[in-house]
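A short worksheet on the structure shown next.
We name chains A, B, ... by the order of the sequence lines, and we start the count at 1 in each one. Predicted, not measured: the structure shown is a model, and the values here were computed from it.
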Amino acid sequence: RRVHGAHFRRGDFNKMSSVFEKVVAAPPIEVFALTERFVKDTDANKVNLGVGAYRTEEGKPWVLPVVRKVEKDLAADESLNKEYIPVCGLASFCEAATRLLLGANDKGVSDGRVSSVQALGGTGAVYLALQFLRIHLGKSNLYVSRPTWGNHKSIGKLAQYTSINEYRYWDAAKRCVDMAGMLEDLKAAPCGSVILLHAVAHNPTGMDLSAEQWDKVIAVLKERNHFPVMDIAYQGFASGDLERDALAVRKVYQSGFEMFICQSFSKNFGLYNERVGNLVMVTNSAEVTARLKTQMTMLVRTTWSNPPSQGCRIVSRVLNDTQLFDQWRGNVKTMAERIQLMRKLLFDELKTLATPGTWNHIIEQIGMFCYTGLSPTQCKSLIDDDHIYLLMEGRINMCGINRNNVKYVAKAMDRVVRNVK
Amino acid sequence: AEYMGSMKVLPFAVSRFAAPMSFWSHVEMAPLDPIVGLNELFSKDSNPKKTNLGVGAYRDENGKPWVLPSVKKAEKRVMDANYDKEYVGIVGDLQFTKLSAQLALTSESPALTQGRTTTVQTISGTGALRVAGNFLAKFHNKPLWMPAPTWGNHTPIFAHAGLQLKSYRYYDAKTIGLDIEGMLDAISKIPEGDTILFHPSAHNPTGVDPSQSQWDQIEKVVAQRKLLPLFDMAYQGFASGDLDRDAYAVRHFIKQGHQCILTQSYAKNMGLYGLRVGAMSVVCDSGEEAKKVESQVKIVIRPMYSSPPIYGVRIAKTILGDKDGLYKEWVDDVKTMSGRIIKMRHEMVDQLAKEGSTHNWDHIKKQIGMFCFTGLKEEQVMKLRTDYSIYMTSNGRISVAGLNEKNLSYVASAIHNVSK
């Protein structure tokens, strides 16, 4: 670039060779590209059923009233400053988050077998978990559900798993869980594989396992000595009931596994952009857990040094105060109930239109997302022709639906089912 | 990578207790972080005169953390705005990234006016370095050369990112200063095309910075070797009190035509430590290339933590964007911090002379930024700890921010006693 002794300026060169010449454009990440397109769309009827964030009946983002209140309290609190919080996170947050997950009087927690590390959202927790398992247990086989959240495989890739596979989950024909297929695939997986499980409100299908189905999965996990990693991003948000949504995690946990559980507070606290998550580590002994935590500390130190202090302070205040906790529970119920109502309204509309096919899955599925069962071409038509934005796999965010647009969405779905392959 | 340390997976060992066999039996206890260990010892110490010169965070004249007045005002504006909490997007807040790049490079920089720089919001400086490291490992997997010594966390960050690490001569223990000849010589021998890390101001841990004319010399050799410069700028403004002066090296290199990678932290200069405010910029050849690079940086970020936290960045951009108001107040706040630190440096040298020390302590005045390499040996550091309850890292590094009018004479006297 620079001839020795001469002084060149940038504009003097025609075509300089660049260090980054070989960098090719990466494919856009679908869910973000979708939102970008939606934002640019000028059509009056446009509906965004893409990104997974809660929307009110008016189609607006919602800052939970309890969050807004606590945030103002924190800003006015002169005893607080902006110093670093510990590498493993704010202890009061970690402890409260773990109690919320496993129950207030859990023995594993009081024994010290269970500990946790604050993470940057659910993503950060899953990334730490998978990285840790690869580095310290030499894990290289990762199994995710088919389908699963789009980012799960990418996290596995970043964590350098050499073998990322799928276990069957969604039965497209019957529009329910393919239990036989799931068990078969988990049995066939090499012993000691890392199995990524959705604790509740499966993303993208919204289809969860029943208690009996979980028992069967647990039996296979034990038989094959697999390492379970459970991803819980919707506790409370799914059914409106915090305890109910934690049942699957607690069932697996109480079966005696050594395991990781990845919590996100993005949805149930509406704290999407504050990146609040918690990685819960369960081992067979307090001494082992203590050692694990020191190693996890080193992993955190090389990734983000220490986690952001704002979001965890909000969650900690709420979870540790009876009144605020009750307020929060109410806010969570508000969100869950609106979603359940939208499911019912959409289902009713499709029934009214006598849209061909079965649509019970819309009301049977749970949480933010619904796997409609629509094909990619049908989805493309919804986007191009109706300005209804959804993922090509047919996933819609129920939060994007409200009384104003449910008829429009139902009619559009009806149209593509009848006229588009 | 050379750094494996406690990351090695040891042979499986069966627990000797009756408890069920654990997957994890072989996992070793990781070494305690030296700074954390220091803080723990400090908090257990009951000596009323105990002094913590370990931690790298600014302290005011009363030894207390300081929330900048401009930050408090900005925070109030953010609160009053009642912003939502929606996901901010993988590369973060675009107003912030634009303002951050301008702060580092100036808004007139051709790298910015020509639209060929991509800037992403990161989890403070560490997050920026890690993302840069992962990106380099994928698209420019050459050895990364770091100054000897460098910040303790650089090695593990880049090793985890997958880079091979090497070091170039930098600090001269004999002169307690910069080994400029050694540095230029070392750089002239680096294989073409490798990546080289620089601290543009307030070198951590030594506080020893090249002068502007020395940076000019360094740039020439880097150009000859066609190296890719990576600048870790964690102290812009905090070092000299002058935001432009502290960015000289970065701006000079870019002016000379280098494609640089720049990481920025607002932990110290805005006191936003725990809010994790930072940015990473890649100066490219063209706008088109910058877009491609950005798309690939997103692929690193998304699986790591999806998107960055917003609160601190809202505060930062409120300041950076209010050129006639809060920005000016912030510049004053930065001068307050750097001014107090520079004052402590000078007073420490004076005090040591008053104590009767015959050593040359001028390096304390010459060094810059938060940290000072005192030149004290490990045994002397230990003695300071055990006999005087004065805590610093074993390499003799002190955080000047931990000094104030109340403890200065005590510390000077102690240092004199262990070194006379």
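Contact of the A:F32 side chain with the B:K298 side chain is not registered, since no non-hydrogen atoms from C-beta on lie closer than 4.5 Å. With a 4.5 Å cut-off on side-chain heavy atoms, B:R314 and A:Q310 do not count as touching. B:R130 is listed as a side-chain neighbour of A:T302, based on a closest heavy-atom distance under 4.5 Å.
Ranked by heavy-atom pairs under 4.5 Å with chain A, the first of B:V300, B:V88, B:V293 is B:V293. Chain B forms the most heavy-atom pairs under 4.5 Å with one residue out of A:V63, A:N306, A:N81, and that residue is A:N306. When each of A:T294, A:L120, A:N151 is scored by its heavy-atom pairs under 4.5 Å with chain B, the top score falls to A:N151. Comparing B:V71, B:I90, B:V78 by heavy-atom pairs within less than 4.5 Å of chain A, the highest count is held by B:I90. Among the candidates B:R276, B:H140, B:K72, the residue making the largest number of heavy-atom pairs closer than 4.5 Å to chain A is B:R276. Of the listed residues A:V276, A:I155, A:L64, the one with more heavy-atom pairs under 4.5 angstrom with chain B than any other is A:I155. No other option in B:P308, B:G89, B:A128 has as many heavy-atom pairs under 4.5 Å with chain A as B:P308.
Neither the backbone nor the side chain of A:V300 comes within contact range of chain B, judged by heavy atoms closer than 4.5 Å. B:F158 does not touch chain A: none of its heavy atoms, backbone or side chain, sits under 4.5 Å away. Interface remark: A:L158 contributes side-chain atoms only to the contact with chain B (heavy atom separation under 4.5 Å). For A:L128, no part lies under 4.5 angstrom from a heavy atom of chain B. Only the side chain of B:N134 comes within contact range of chain A, judged by heavy atoms closer than 4.5 Å. Heavy atoms of A:Y84 lying under 4.5 Å from chain B belong to its backbone as well as its side chain. Contacts between B:N153 and chain A at a heavy-atom distance below 4.5 Å involve the side chain alone, from C-beta outward. Interface residue B:S307: backbone and side-chain heavy atoms are both found under 4.5 Å from chain A. When heavy atoms are compared at a cutoff of 4.5 Å, A:P307 approaches chain B solely by way of its backbone atoms N, CA, C and O. If you measure heavy-atom distances from B:E86 to chain A, the contacts under 4.5 Å come from both the backbone and the side chain. Contact annotation for B:I261: only side-chain heavy atoms (C-beta onward) come within less than 4.5 Å of a heavy atom of chain A. Contacts between B:L275 and chain A at a heavy-atom distance below 4.5 Å involve backbone atoms as well as side-chain atoms. Only the side chain of A:V67 comes within contact range of chain B, with at least one heavy atom under 4.5 Å from a heavy atom of that chain. When heavy atoms are compared at a cutoff of 4.5 Å, B:K268 approaches chain A solely by way of its side chain, counted from C-beta outward. The part of A:R55 that comes within reach of chain B is its side chain, from C-beta onward, which places non-hydrogen atoms under 4.5 angstrom from that chain.
Residue B:S295 comes nearest to A:A26 through the heavy atom pair OG-N, 2.8 Å, listed as atom of the first residue, atom of the second, then distance. Taking both residues in full, the closest heavy atoms of B:F135 and A:V23 are given as CZ-CG2, 4.4 Å, listed atom of the first, atom of the second, then distance. Closest approach of A:P27 to B:I299, counting heavy atoms only: O-CD1, 4.3 Å. Of all the heavy atoms in A:L299 and B:H160, the pair that sits closest is CD1-NE2, 3.5 Å. Residues B:T126 and A:W304 share a closest heavy-atom pair of CG2-C, 3.8 Å.
Rounding to the nearest 0.5 Å places CZ of A:R301 at 7.5 Å from CD1 of B:I157. A distance of 6.5 Å separates CE in B:M79 from NZ in A:K72, rounded to the nearest 0.5 Å. In this structure, the separation between CD1 on B:I315 and NZ on A:K82 is 5.0 Å, given to the nearest 0.5 Å. Taking OH from A:Y127 and OG from B:S306, the interatomic distance works out to 13.0 Å, rounded to the nearest 0.5 Å. Here the NZ atom belonging to B:K85 is positioned 12.5 Å from the CZ atom belonging to A:F269, to the nearest 0.5 angstrom. Put simply, OG1 on A:T35 and OH on B:Y87 are 11.5 Å apart, with the number rounded to the nearest 0.5 Å.
Crowding of B:K76 atom NZ: a count of heavy atoms from other residues, nucleotides or ligands under 6.0 Å not exceeding 12. Counting non-hydrogen atoms of neighbouring residues, nucleotides and ligands closer than 6.0 angstrom, the NZ atom of A:K293 exceeds 12 such neighbours. Counting non-hydrogen atoms of other residues, nucleotides and ligands closer than 6.0 Å to NZ of A:K222 gives a total above 12. No more than 12 heavy atoms of other residues, nucleotides or ligands sit less than 6.0 Å from atom CD of B:E288.
Using modelled atom types, one side-chain atom of A:S309 and one backbone atom of B:G274 make a donor-acceptor pair closer than 3.5 Å. Between the side chain of B:Q296 and the backbone N or O of A:V24 there is at least one donor-acceptor pair closer than 3.5 Å.
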